[in-house]
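Worksheet: the structure to be examined is printed underneath.
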Amino acid sequence: MTPDELSQALSTALASAVADGALALPADAVPASVHVERPRQREHGDWATNVALQLAKKAGTSPRALAEELAGRLGATPGIQAVHVAGPGFLNITLDAAAAGELARTIVETGAAYGRGDSEAGKRVNLEFVSANPTGPIHIGGVRWAAVGDSLARVLEASGAEVAREYYFNDHGAQIDRFARSLLARARGAAAPEDGYGGQYISEIADAVIADALAAGEPDPRELPDVEAQEVFRARGVDRMFTEIKASLHDFGVDFDVYFHEDSLHESGAVDRAVARLRDAGRMFEKDGATWLRTTEFGDDKDRVVLKSDGEAAYIAGDIAYYLDKRERGFDEVIIMLGADHHGYVGRMMAVCAAFGDTPGTNLQLLIGQMVNLVKDGQPVRMSKRAGTVVTLEDLVDAVGVDAARYSLARSSVDSTIDLDLDLLTRATNENPVYYVQYAHSRTCAVDRNAADRAVSRQDGFDPSLLDHATEAALLGRLTEFPRIVAQAAELREPHRVARYLEALAGDYHTWYQQKDRRVLPYPDEAVQDVHRTRLWLNDAVRQVLANGLALLGVTAPERM
RNA sequence: GCGCCUGUAGCUCAGUGGAUAGAGCGUCUGCCUCCGGAGCAGAAGGUCGGGGGUUCGAGUCCCUCCAGGCGCACCA
């Protein structure tokens with residue numbers, strides 16, 4: 001019996017009580033589905049509901065009386081072993097072992113599809129994340145979005161959404177000019193320009209640009225006049241950086257469907273078109289020689305300049321055009337993950353969304369994530385290129401590997417600032433919970449290998465009623481939750497819930513495994529019996545769910561460690 | 001000054017109104033006579049930042065104060 005079926009049974013019990021006149025509840029107060037949850041305390045059964053507490057007042061009765069009424073009607077339902085009324089009016093439900101144990105077979109037979117659902121079905125989602133500027137390698141802050149964003153995309157896809165992963169490549173404007181000037185200065189052995197970029201990578205990129213140009217049969221860009229030289233360093237430098245970023249993300253297991261170039265919006269006239277459209281809609285006004293969007297009309301705290309008094313487009317003009325472009329490509333939900341240092345954009349971007357006649361929060365969703373801090377010896381370390389405390393994506397992967405990096409970044413809520421310990425990165429990595437989960441998975445695989453040797457197979461003799469131990473009930477209950485966890489992670493845009501779930505599941509598995517009288521394999525002097533075959537189903541169900549969950553996080557599920 | 005986020009065990013963090021607030025790491029005590037000890041069982045460790053309020057019930061919702069982070073451009 002699944003939680004959905006149980007919820008349905010409760011709903012039916014309520015409806016019949018109302019129909020009988022046993023319950024004086026208005027028909028519209030009967031919930032279509034009753035919320036059931038896993039109680040924290042094992043003694044409280046497999047499932048619990050507070051529905052009696054919530055409806056008692058409306059029904060003009062006491063919570064306990066209502067609960068008793070429901071318990072009586074529910075007791076006869078097949079698959080339910082016991083229903084108890086507890087505390088102020090909780091309904092605690094225990095399923096019979098066979099009904100619960102059936103799940104092991106269901107999961108194994110469903111395979112990789114177990115956990116998938118349709119809660120986001122029919123949605124076309126554009127998910128933008130990372131979008132780091134091409135003026136340097138991706139540092140630790142961007143890596144967090146890579147890990148979380150890609151997992152979110154996977155979770156949304158598992159819930160039925162069609163997802164495009166998109167990277168906004170910021171290759172237009174003053175930052176890029178500074179980048180180009182920095183490359184040129186370095187190439188000519190001059191000091192970095194004021195507010196330019198000074199990292200070691202600048203030298204490497206500058207050298208690469210020269211090599212690329214020469215290889216292409218072009219003159220040495222250092223010898224060109226300043227303006228032309230800077231243009232060569234800009235174009236080739238950005239291209240180099242772009243290639244590097246793409247490659248390191250790929251090595252991290254993150255591939256984008258679209259790398260969108262900001263420059264293209266300006267070149268194609270998309271910016272002009274978007275601005276014209278807002279102007280026609282009466283959302284723009286002129287003041288002080290500039291053209292403004294009246295974002296205050298939609299809740300922003302101040303109006304925004306879109307076209308500066310010198311005629312140039314302000315940065316937001318690109319964002320406006322980009323948003324419109326995504327919508328015109330047919331995405332009904334445009335999601336953008338941003339760092340906390342960009343949270344000031346929320347008001348203006350939501351206003352842009354509304355100005356186009358769209359619904360903020362639906363057509364446009366901005367997810368703000370907090371920053372990653374570096375910590376050494378318990379003290380915060382400012383990221384500084386000169387001090388060598390910039391941790392890039394590649395540094396992180398070199399230190400701990402892709403699995404540990406992705407997992408540790410994806411297992412926390414993005415609302416929390418993360419402290420990353422520099423010493424921990426360079427020391428032993430076994431403290432990462434990813435190993436706890438992966439170990440559980442490889443254990444299930446070890447059991448499978450040994451089972452094959454002992455000729456224990458899932459061929460015949462599956463008897464779910466044999467899964468009657470407390471540790472088995474706990475494990476089955478946990479396995480039941482997986483589809484809900486995935487749906488919830490998608491709905492709330494919180495993929496870290498998957499990681500936390502896997503840790504709990506791994507814990508339940510280890511506990512079960514450790515029970516000496518619950519071995520999958522018979523002892524040497526013992527014959528293979530149905531209990532062994534049946535437990536193998538459970539073992540394999542756990543393996544499947546661990547594998548499915550790790551896949552949602554972009555982490556491997558090793559068969560051996 | 002205004003806005004967003006955070007404050008939970010020694011540390012890093014879970015906990016979208018439920019019952020006795022959890023995990024990992026760290027500390028202490030046990031467990032390899034058989035499926036992998038990267039594991040398990042147990043112990044110690046908490047005014048859930050403070051104070052009000054809503055509710056049958058608040059770590060969770062509301063108000064307020066305190067502390068920390070991040071923002072408040074005709075920069076990108």
Side-chain angles (χ1 to χ4, degrees), chain A residues 37 39-41 43-44 48-50 53-54 56-57 62-63 86-90 92 133 135 170 172-178 195 262 287-292 301-302 304-310 312 314-316 318 339-347 368-371 373 375 378 380 408 411-421 424 430-433 435-436 438-440 442-451 453-454 456 488 491-492 494 496-497 499-501 503-504 506-507 509-516 518-525 532 535-536 539 560-561:
Chain A
E37 60 187 11
R40 253 198 279 265
Q41 252 64 39
E43 317 84 74
H44 293 151
T49 178
N50 60 358
L53 286 155
Q54 288 174 334
K57 191 173 279 184
S62 78
F90 290 106
N92 292 338
N133 289 335
T135 53
N170 219 296
H172 183 88
Q175 284 188 116
I176 293 298
D177 293 339
R178 281 205 291 275
D195 67 5
E262 182 191 2
K287 194 181 106 183
D288 302 334
T291 303
W292 302 62
D301 52 1
K302 59 190 75 159
R304 305 292 168 178
V305 169
V306 177
L307 300 177
K308 298 190 276 189
S309 52
D310 65 4
E312 289 290 308
Y315 184 76
I316 195 175
D341 52 341
H342 288 70
H343 79 258
Y345 294 8
V346 175
I368 302 299
Q370 301 301 310
M371 319 295 273
N373 293 326
V375 175
S408 58
R411 75 185 286 267
S412 296
S413 159
V414 294
D415 285 340
S416 296
T417 321
I418 291 185
D419 288 340
L420 220 75
D421 193 319
L424 221 63
N430 276 9
E431 295 169 32
N432 193 315
Y435 297 104
Y436 185 76
Q438 288 184 317
Y439 182 62
S442 52
R443 232 182 191 179
T444 62
C445 294
V447 168
D448 282 340
R449 289 191 294 269
N450 297 330
D453 291 345
R454 284 299 310 271
V456 177
Q488 192 178 54
E491 183 199 342
L492 300 174
E494 292 183 350
H496 76 276
R497 288 169 184 273
R500 299 297 174 152
Y501 167 82
E503 290 168 30
Y509 178 74
H510 286 311
T511 299
W512 175 63
Y513 177 91
Q514 216 81 24
Q515 303 297 315
K516 292 303 177 191
R518 294 282 138 176
R519 292 163 45 99
V520 173
L521 302 189
Y523 284 102
D525 57 347
H532 305 117
R535 286 177 197 151
L536 185 61
N539 178 80
R560 288 190 167 84
M561 291 173 69

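Sequence lines set the chain letters: A, B, ... in the order given, protein chains first and strands last, and positions in each chain run from 1.
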For B:C70, the Watson-Crick or wobble counterpart (both distances under 3.5 Å): B:G3

Can you figure out which of B:G39, B:C56, B:C34 approaches the side chain of A:Tyr523 most closely? B:C34

From B:C35, B:A14, B:C74, pick the nucleotide closest to the side chain of A:His496? B:A14

Do the ring planes of A:Tyr345 and A:His342 sit parallel (below 30°), tilted (30 to 60°) or perpendicular (above 60°)? perpendicular

For B:G36 and A:Arg443 - does any side-chain N or O of the residue sit under 4.0 Å from the phosphate oxygens OP1/OP2? no

May I ask you to evaluate whether A:Tyr436 reaches the phosphate of B:C40, defined as a side-chain N or O under 4.0 Å from OP1 or OP2? yes

Hydrogens and angles aside, do A:Tyr513 and A:Asn539 bring a side-chain donor and acceptor to less than 3.5 Å of each other? no

Between B:G36, B:C40, B:C13, which one does the side chain of A:Ser412 approach most closely? B:C13

Between B:G36, B:G18, B:C13, which nucleotide gets closest to the side-chain atoms of A:Asn450? B:G36

At less than 4.0 Å, is any side-chain N or O atom of A:His510 found next to OP1 or OP2 of B:G36? Yes or no. no

Is there side-chain contact between A:Pro88 and A:Leu53, with at least one heavy-atom pair below 4.5 Å? yes

Counting just side-chain N and O atoms, does A:Lys308 come under 4.0 Å of either OP1 or OP2 of B:A76? yes

Would you check if A:His44 stacks with the base of B:A19, given a 5.5 Å centroid limit and a 30° plane limit, both strict? yes

Short side-chain N/O contact from A:Ser416 to OP1 or OP2 of B:A14, under 4.0 Å: yes

Flag the pair A:Val414 / A:Gln370 as yes when at least one side-chain heavy-atom distance between them is below 4.5 Å, and no otherwise. no

Syn versus anti for B:C56, judged by chi lying within 90° of 0? anti

If the cut-off is 4.0 Å, is A:Lys57 near the phosphate of B:C56, judged by side-chain N/O to OP1 or OP2? yes

B:G36 -> Watson-Crick or G-U wobble partner, both distances under 3.5 Å, gives none

Which of these nucleotides, B:G3, B:A19, B:G15, is closest to any side-chain atom of A:Arg497? B:G15

Name the pairing partner of B:C48, where a pair is Watson-Crick or G-U wobble with both distances under 3.5 Å, or state none. none

State, with a plain yes or no, whether a side-chain heavy atom of A:Phe90 is found less than 4.5 Å away from one of A:Thr49. no

Under 4.0 Å, heavy atoms only, any strand: does A:Gly87 hit a base, just the sugar-phosphate, or nothing? nothing

Opposite nucleotide pairing with B:G17, Watson-Crick or G-U, both atom distances under 3.5 Å: none

Pairing partner of B:G42, by Watson-Crick or G-U wobble and under 3.5 Å for both distances, is B:C28

Would you say B:G24 has OP1 or OP2 under 4.0 Å from some side-chain N or O of A:Arg411? no

Under the 6.0 Å and 45° cation-pi test, does A:Arg519 pair with A:Tyr523? yes

Residue A:Tyr513, side-chain heavy atoms: nucleotide from B:G36, B:G22, B:U55 that is nearest: B:G36

In the structure shown, which nucleotide is the Watson-Crick or G-U wobble counterpart of B:A23, with both distances under 3.5 Å? B:U12

Between A:Thr417 and B:C5, does any side-chain N or O lie under 4.0 Å from OP1 or OP2? no

